[in-house]
*Asks:* 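Please see the structure below; I have some questions.
Only heavy atoms go into these numbers, but all of them, side chains included; no hydrogens, no water, no symmetry mates. Sequence lines set the chain letters: A, B, ... in the order given, protein chains first and strands last, and positions in each chain run from 1.
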Amino acid sequence: MSSLQFPIFMDYHSTTPVDPRVLEEMLPYFTTKFGNAASRNHAFGWTAEEACEHARERLAKFINAQSEKEIVFTSGATESNNLALKGIAEFYKDKGNHIITAVTEHKAILDTCKRLEKEGFEVTYLKVDREGTVTPESVRAAITDKTILVSIMLANNEVGTIQNLTEIGKITREKGVLLHSDATQGVGKTPFDVQAMNVDLASFTAHKMYGPKGVGALYVRRNKPRVRLVAQMDGGGHERGMRSGTLNVPGIVGFGKAAEIMTADFEKDNARILGLRERLRAKIMTALEETYINGSMTHRLPGNLNISFSFVEGEALMMAIKDVAVSSGSACTSASLEPSYVLRALGVGDELAHSSIRFGLGRFTTEEEVDYVAELVIAKVKKLRDVSPLYEMHKEGIDLKSVAWVAH
Amino acid sequence: MAYSDKVIEHTENPRNVGTLDKADPSVGTGLVGAPACGDVMRLQIKVGAGGVIEDAKFKTFGCGSAIASSSLATEWIKGKTIDEAETIKNVDIVNELNLPPVKIHCSVLAEDAIKSAIADYRAKQAARAQAK
């Protein structure tokens, strides 16, 4: 008998379910241990504070920070990214006004940079190669005497490309420039070590690693160099003055537990997920012609598979496999009606960007689910190709690029 | 975004998918849209005596709403004269399929495909008349 449950979740880049072990540890902090971690004069406060400090230690260990004091809790990675970029820009503006990032960064970085540009900062958006990689040499070449910060993500959320932070960190350290990394998608799935990589600030969030939504962290280095930033929210001066606001104690407890599990199960979990990802890839790509991998096959998150199915539009395919939750780079799935800017940056043509599907596999993905999804995708792509004039033209040997299309 | 039941029904069971012989003088072919825009529709009509559309076929590369719009268009024009088919407006398709504002361009494309197929048929007929 089949143990499949529908719908099947294969969109682990968007979010992840809370691990039951995480939830169990969180629960008392909603009811009996409900104190405010900032209450310094009674047992309720002490219990809450102790729980948060324990989580801080687990998170510090998770990214190999030197001290738990380097972890600043936030509401999530978007806030962490905003705090890092705006906070650094404001603090170091007398030193320089230049920031370096890359075109494939998340909108929480790109839109923050756009805001800073309006305020007089200059931002260099580094190009990436066809695999989505930022070359360390391009970082070096972009650094000027006005550069205060380089922000490069650990791994991309659409195509899963892992950046070479080790080499980039050597360059920023040598040049005396701060390095921030949006580690949201990559942390726990690919090695991330703030000391070995010379990372000075790092953003991440609980809900991408089987913790709850609404809690994130910013790692801020305290030693060699001591990183300073200007708080972006005024209030009670929590989090060493860097982020005011009552701590989300149950969320933080869950975040800590989630990090502990990620640390303990790193090898085992990622090897299993990679095996499933490769099983899915092999099945689909063996059965279907004209399918293309977007991103890198050598520096890629284990759970990421981003494929373009030529002659089939992504949203139509998502609709056809409606029992499976995935994501697409098709314009039709975005509010802007523009295809994915990440795929464009990799040089993927608009046609193939419209035809892309991102599969995200994770801790609770099963082999049975992978087999089901592979069969379903193969059948539906074939069906949609039978309805596609482009596939028919391809079969007739017509070069689609030679056709004078009437764009509308 | 949730799809209307009619869009889902048409995409799961598209009507009149296929290809007519575009060399046939009684066949008109309309090919509209562009792959880079994410939608291409090909709509074909076979016109018989009295200008009646005896058969209609389509193939579409595009989202569910684009497939549904063209599927519906073929259903509607079959049995109509080309003059009648020409009066079909994109808003008729929008209303029938309950398309949301972001999908209105799919209905526009379907209207264009009908008009383009009819124009192709008429051009072929005119060329034949001239040749005679």
*Asks:* Decide yes or no on side-chain contact (heavy atoms from CB on, under 4.5 Å) for W405(A) and C37(B), but give the supporting numbers first.
*Replies:* CA-CA 10 Å; W405(A) 299 103; C37(B) 301; over 6 Å; no

*Asks:* So for atom NZ, which belongs to K22(B), do other residues, nucleotides or ligands contribute more than 12 heavy atoms lying within a distance under 6.0 Å?
*Replies:* no

*Asks:* If you count the non-hydrogen atoms of other residues, nucleotides and ligands that lie under 6.0 Å from CG in N13(B), is the total more than 12?
*Replies:* yes

*Asks:* Report the C-alpha separation of E313(A) and D39(B) in whole Å, then their side-chain angles, then the decisive distance to 0.1 Å, and conclude whether the side-chain contact (heavy atoms from CB on, under 4.5 Å) test is met.
*Replies:* CA-CA 8 Å; E313(A) 199 276 332; D39(B) 32 35; over 6 Å; no

*Asks:* Charged N to carboxylate O under 4.0 angstrom, E12(B) versus K380(A)?
*Replies:* no

*Asks:* Would you find more than 12 non-hydrogen atoms of other residues, nucleotides or ligands less than 6.0 Å from Q5(A) atom CD?
*Replies:* no

*Asks:* Within this structure, what is the CZ-CZ distance for the pair F61(B) and R385(A), rounded to the nearest 0.5 Å?
*Replies:* 10.5 Å

*Asks:* If you measure from OG on S388(A) to CE on M41(B), what distance do you get to the nearest 0.5 Å?
*Replies:* 12.5 Å

*Asks:* For a quick test of reading the model, state the closest non-hydrogen atom pair linking G62(B) to A316(A) and the distance between them.
*Replies:* O-CB, 3.1 Å

*Asks:* What pair of heavy atoms forms the shortest contact from P35(B) to E351(A), and how long is it?
*Replies:* CB-CG, 3.2 Å

*Asks:* Go through the steps for V387(A) and T11(B) under the test side-chain contact (heavy atoms from CB on, under 4.5 Å), then give the verdict.
*Replies:* CA-CA 10 Å; V387(A) 183; T11(B) 48; over 6 Å; no

*Asks:* Count the heavy atoms of every other residue, nucleotide or ligand shown that sit under 6.0 Å from CD of E289(A), and state whether that count exceeds 12.
*Replies:* yes

*Asks:* Checking heavy atoms, do the side chain of V17(B), its backbone, both or neither come under 4.5 Å from chain A?
*Replies:* side chain

*Asks:* Using modelled atom types only, decide if a donor and an acceptor are shared between the side chain of K59(B) and the backbone of D386(A) within a distance under 3.5 Å.
*Replies:* yes

*Asks:* Rounded to the nearest 0.5 Å, what's the gap from CG on L31(B) to CE on M393(A)? Could you check?
*Replies:* 5.5 Å

*Asks:* Counting only heavy atoms not in R122(B) (residues, nucleotides, ligands), do more than 12 fall under 6.0 Å from its CZ?
*Replies:* yes

*Asks:* Step through the shown structure and confirm whether more than 12 heavy atoms of other residues, nucleotides or ligands are within 6.0 Å of NZ on K127(A).
*Replies:* no

